[in-house]
Amino acid sequence: MADTHHPHSDTPLGARSSHSPTIELGTLLHDYQLGLVLIAGAAEDPGSRPVQWVHVSELGDPTPFLPARTVLLTTGARFTDVPTQRAADEFVERLIEADVTALGVAVGLHWDRVPDRFVSACDRLGLPLFRVPYDTAFIEIVQTAARLLEAGTRARDLWALEAQRAVTNASLHRDGLAAVVREATARLGHWLCVTDRTGRIVESAGGAGPAPVSSEWLRREARRLVDRGVSAARIEDDRGHGIRLQTLGRQRQILGVLAVEDSGAPDTAERTLLGLVAALATVQLEHRSGLDAAQAALRSGIVRLLIEGNEALAERLAADTLVRIPRGAVVVARYGDPSASSDFSQDLGSLDAGSPGLFAAVIEDRPVLIAETRHLPAIRRLFLTHGVPCGISERGAVSALGELLGQADRALDYALASDAQGPVDYLPALHDGVLHLLAGSTEARRRAKTLLAPIRHHDRRHEDVIEESLTTWLTHHGQTSPAAAELGIHRHTLKARVQTAAGLLQADLDSPDTRAELWAALRILAEHRPKDAA
């Protein structure tokens with residue numbers, strides 16, 4: 001046998017990283033030119049065990065120098081130091097703890113046959129043991145393994161190039177992101193998913209089986225990853241299924257999360273492919289984000305046109321979009337920040353996308369829903385289910401959208417002030433304030449007429465405008481100059497009229513209580529003037 005059985009040092013013959021390619025042990029054992037014979041540890045198909053490298057050592061304990069998944073070759077020169085069965089068992093146990101794939105022992109140099117105690121130890125402990133014939137030099141085994149590993153590396157590189165080319169071409173399809181996810185899943189052979197920044201699943205594809213985790217669990221963990229500001233993490237659910245998560249986008253502008261089923265540490269080829277998928281998904285999400293922003297701006301423009309009464313232009317603008325302006329009686333719902341809850345945002349998006357005659361927009365930095373009244377039960381359920389404060393207007397025509405929007409705003413303000421966990425309907429008696437409640441009282445109107453009777457009698461008798469002047473003066477908080485400017489008279493004329501009012505009422509108009517009482521009386525009678533006149 002050649003001297004190449006003896007290593008020059010006890011360092012691995014060629015360093016290998018934990019992500020290096022491997023070959024199966026059976027590939028070496030079945031190479032007829034090497035003549036290797038498996039003699040122990042064959043209980044569980046040892047041929048499928050991975051081999052990352054081949055190492056030669058004659059040390060009594062070579063495990064400190066052995067990388068994982070190594071085939072250890074030895075001539076058994078130190079086997080005399082292992083004289084008992086217990087010592088042989090301990091030697092084999094150390095190899096197993098070091099994740100050695102197999103042990104190869106040369107015969108014809110120090111031993112004519114492999115000692116029985118090592119055969120017995122390997123058989124009982126499950127470590128494959130093969131005999132190396134005298135005519136096979138260790139260097140031949142090392143070179144054969146190196147050649148096979150290099151071939152595997154080339155094949156893996158070709159796989160990576162082909163996979164990257166296929167995924168890149170998929171991104172050019174009309175449904176680019178979905179095609180990328182499907183192609184990457186087919187190449188990797190396991191589940192892959194892309195979510196938005198709230199954790200809502202945007203696209204996903206799996207292998208032969210179902211998704212390894214639930215959508216609710218994924219939403220929660222993806223949102224947690226984004227909130228923590230961490231770029232990547234590996235997480236296990238309650239059933240022990242591992243998922244690798246990676247954020248998409250820039251650090252201060254996270255667009256989504258890439259989730260991949262954990263099937264062990266990915267090699268360089270898989271990591272490169274996943275990096276490409278992350279880059280393409282980021283581009284696609286940025287594109288979608290731009291379209292969403294443009295769509296939101298368009299919707300807001302349509303709503304503003306409707307508020308201004310320009311329904312014809314709003315209809316023309318909506319004709320080229322997916323927006324259908326509601327018909328007939330409509331309601332308006334105002335609510336807070338929709339990003340507060342990812343579940344709420346997802347359900348709201350589903351309701352908006354799948355309900356003709358209902359659409360969402362943002363007006364004055366507040367989101368709004370405008371919908372035909374047939375959608376009102378679904379809207380109530382949405383806000384009630386998620387406990388989101390919301391103000392809902394009365395039913396009305398699209399032409400009265402501005403008024404309905406004001407009603408929804410007042411109802412939302414009331415909902416927020418009262419910590420409501422759901423929708424609050426607009427009610428005039430509830431949201432129009434104390435003066436509106438007083439206006440509904442017959443006694444309050446009677447007292448208001450009595451209080452203002454002297455002024456009204458004076459105006460009818462002298463065809464004067466004391467009541468109008470007093471109302472304008474109170475509107476400007478008793479400031480004479482701006483009130484006179486609004487009336488188009490000199491400020492001295494207005495001051496004289498105010499003094500006339502004070503004399504007629506026998507009241508001190510510098511008193512806040514008097515001003516408040518007069519203002520309430522004027523508002524109550526002004527609100528009911530059309531009915532009184534009728």
Side-chain angles (χ1 to χ4, degrees), residues 18-19 160 163-164 167-168 170-171 175-207 211-293 296 337-350:
S18 61
H19 299 296
Q164 291 174 50
V167 168
T168 302
S171 69
D175 58 339
L177 183 55
V180 165
V181 171
R182 288 195 301 270
E183 187 64 40
T185 296
R187 300 284 171 166
L188 293 169
H190 50 253
W191 178 84
L192 187 146
C193 171
V194 174
T195 78
D196 63 16
R197 69 185 316 276
T198 69
R200 180 178 63 88
I201 295 177
V202 178
E203 299 291 348
S204 69
V213 295
S214 67
S215 58
E216 292 78 10
W217 182 88
L218 180 61
R219 264 204 310 272
R220 183 178 67 252
E221 295 301 332
R223 184 64 181 264
R224 185 178 299 173
L225 183 74
V226 173
D227 292 343
R228 287 166 53 200
V230 180
S231 60
R234 182 192 181 280
I235 306 172
E236 287 187 359
D237 67 1
D238 297 337
R239 296 172 296 173
H241 293 144
I243 298 296
R244 294 185 181 273
L245 302 176
Q246 175 184 341
T247 55
L248 303 173
R250 294 179 288 276
Q251 184 175 5
R252 295 186 178 180
Q253 190 179 0
I254 303 300
L255 300 172
V257 173
L258 174 65
V260 184
E261 182 179 1
D262 187 11
S263 58
D267 62 8
T268 302
E270 288 188 358
R271 291 201 309 275
T272 303
L273 179 60
L274 290 173
L276 176 62
V277 171
L280 293 174
T282 299
V283 173
Q284 293 285 346
L285 290 175
E286 286 179 340
H287 179 64
R288 290 190 180 192
S289 177
L291 290 178
D292 290 344
D337 182 8
S339 65
S341 167
S342 60
D343 292 340
F344 171 73
S345 298
Q346 182 174 0
D347 290 346
L348 174 62
S350 300

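We number each residue from 1, following the sequence as shown.
Here Arg187 pairs with Glu162, Glu183 under the salt bridge (charged side-chain N to carboxylate O under 4.0 Å, His left out) rule; sequence neighbours left out. Taking Ala259 as the reference, Trp191, Cys193, Leu218, Ile243, Leu245 meet the side chain to side chain contact (heavy atoms under 4.5 Å, CB included) condition, with sequence neighbours excluded. Partners of Gln246 under the side chain to side chain donor-acceptor pair (under 3.5 Å) rule, at least two apart in sequence or in another chain, do not exist in this structure.
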Worked verdict on Arg219 versus Thr195 for side chain to side chain contact (heavy atoms under 4.5 Å, CB included): CA-CA 8 Å; Arg219 264 204 310 272; Thr195 78; over 6 Å; no

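Side-chain contact check for Leu248 versus Val257: every heavy-atom pair is 4.5 Å or farther apart. Within the 4.5 Å cutoff, the side chain of Thr185 has heavy atoms near those of the Val181 side chain. Here the side chains of Leu274 and Leu192 are in contact, with some heavy-atom distance below 4.5 Å. With a 4.5 Å cut-off on side-chain heavy atoms, Leu188 and Glu270 count as touching.
Smallest separation of non-hydrogen atoms from Ala179 and Ala170: CB-O, 3.3 Å. Leu258 and Val260 get closest at one heavy-atom pair: CG-CG2, 4.1 Å. Smallest separation of non-hydrogen atoms from Val277 and Ala184: CG2-CB, 3.6 Å. For the residue pair Val202 and Leu177, the shortest heavy atom distance occurs at CG1-CD2, 3.8 Å.
Distance check, rounded to the nearest 0.5 Å: CZ of Arg182 to CD of Glu203 gives 7.5 Å.
For the pair Glu221 (side chain) and Trp217 (backbone), a donor-acceptor distance under 3.5 Å is absent.
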